Amino acid sequence: MSATAWIILWAAVLTYLTRVGGHLMLSRFEHVHSRVEAGLNAVPAAVLTTLVAPAAMTAGPVEWTALVVAALMSLRFGMLPLFLVAGAVLIVGRQMFG
Amino acid sequence: MSAEAIGETTNAREFWAGARVGIPVVVASAPFAFLFGIIAIDNGFSVAEATLMSASVYGGASQMVGLELFGHHIAPWLVVMSIFAVNFRHVLYSAALGRHISHWPIPQQALGFFLLTDPQYAEAERKGEAGQTVSFAWYMGMGLAIYVPWVIESGLGAFFGNLVPDPHSIGLDFLLPIYFLGLVMSFRKRANWLPVVAISAVAAILAVNTVGSPWHVTIGAACGVAFAAMFPPRVREEIEP
């Protein structure tokens, strides 16, 4: 089996543990400590930010424009229109200036 | 009509009611499933591996994170841990959902938790909070309505990803940062969102230029999460003055 397949299967096992683990572990406690809960709540935004920030730093004007459009779209629209419009800005921008 | 037949009709009705709830999610997630497949191929996955990931991990954002890191030739255990970190929010969903499905037999619960995604949690929680029973048939109706198309569309995306001639010209390499930014923005109502994002961003940029990739993910996220844990929102005091 390929290394990729192993990565996928391990990721699947750990992901399943997050899905079943909350019920098995946290339900034993009366409440979760507020600091733990605040930390857990911040995890997705924190992790995803670390994937955007360095990519944005090394990108060019076309990519920056697409990110700004995406950020502005997010204030009003859902994920799908945001992605389609910002993606279109990126592709058209690259065709014209890339 | 026998009691068993009545039970079966109820189950069927519940299943289709759940499936209807899943349809908007299918429509909204379809482009991302195709995109996942296309980018997977661009990052060196085979069609089978892309399909396997959608079928076994079954978590859109975390699958994209896996691809992003995979493209940078990073140690396998770090890719796995990053996927784990993105999916860690399920711990909270799981704890909440557990209260609504504890009347199911254990094997059904085990299957139910496998299909636990953000929208699945949101709808089950809403149903449970409204005092309605979250039945296994309803839950599976919604879960399978989302799961089956997700896997098939990922495979189709990967299949057609082989036919993309110039990934750069259609922006394939930068669609993921846009997607991740959209997700980051979707969390903006959460407590301390802006400082967490700002701290994670600065820490990640500093780390990528000093320690190097992939540690910027771990270090950046740890800084943001540490800040959130140090300054939890004071909700309780407002409720009990």
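Just so it is clear, the structure is predicted and the values come from calculations on it, not from any experiment. First the proteins, then the strands, lettered A, B, ... as listed; each starts at 1. All values below were derived from every heavy atom in this structure, side-chain atoms included, with hydrogens, water molecules and symmetry-related copies excluded.
Using a 4.5 Å cut-off between heavy atoms, B:I199 does not touch chain A at all. Only the side chain of A:M57 comes within contact range of chain B, with heavy atoms under 4.5 Å apart. Within the 4.5 angstrom heavy-atom criterion, only side-chain atoms of A:L90, from C-beta onward, approach chain B. For chain B, the nearby parts of A:A71 are the backbone and the side chain; heavy atoms of each come within less than 4.5 Å. Of the atoms belonging to A:L9, it is side-chain heavy atoms, and not backbone ones, that fall under 4.5 Å from chain B. For A:I7, the parts sitting under 4.5 Å from any heavy atom of chain B are the backbone and the side chain alike.
The aromatic rings of A:Y16 and B:F114 sit tilted, their planes meeting at an angle between 30° and 60°. Aromatic ring orientation, B:F231 versus B:F227: tilted (interplanar angle from 30° to 60°).
In summary, the side chains of B:N87 and A:T18 do not present any donor paired with an acceptor at a separation below 3.5 Å, with no hydrogens or angles considered. B:S154 and B:S54 share a donor-acceptor pair across their side chains, judged by distance under 3.5 Å alone.
Residue with the most contacts toward chain B among A:A56, A:A70, A:A38: A:A38 (heavy-atom pairs, distance under 4.5 Å). No other option in A:L75, A:V36, A:L17, A:V13 has as many heavy-atom pairs under 4.5 Å with chain B as A:L75. Ranked by heavy-atom pairs under 4.5 Å with chain B, the first of A:L84, A:V47, A:V20 is A:V20.
Crowding of B:W104 atom CH2: a count of heavy atoms from other residues, nucleotides or ligands under 6.0 Å exceeding 12.
B:F180 is linked by a ring pair (Phe, Tyr, Trp, His ring centres under 6.0 Å) to nothing, counting only residues two or more places apart in sequence or in another chain.
A ring pair (Phe, Tyr, Trp, His ring centres under 6.0 Å) check over residues 65-95 of chain A, counting only residues at least two apart or in different chains, returns the pairs A:F83-B:F32.
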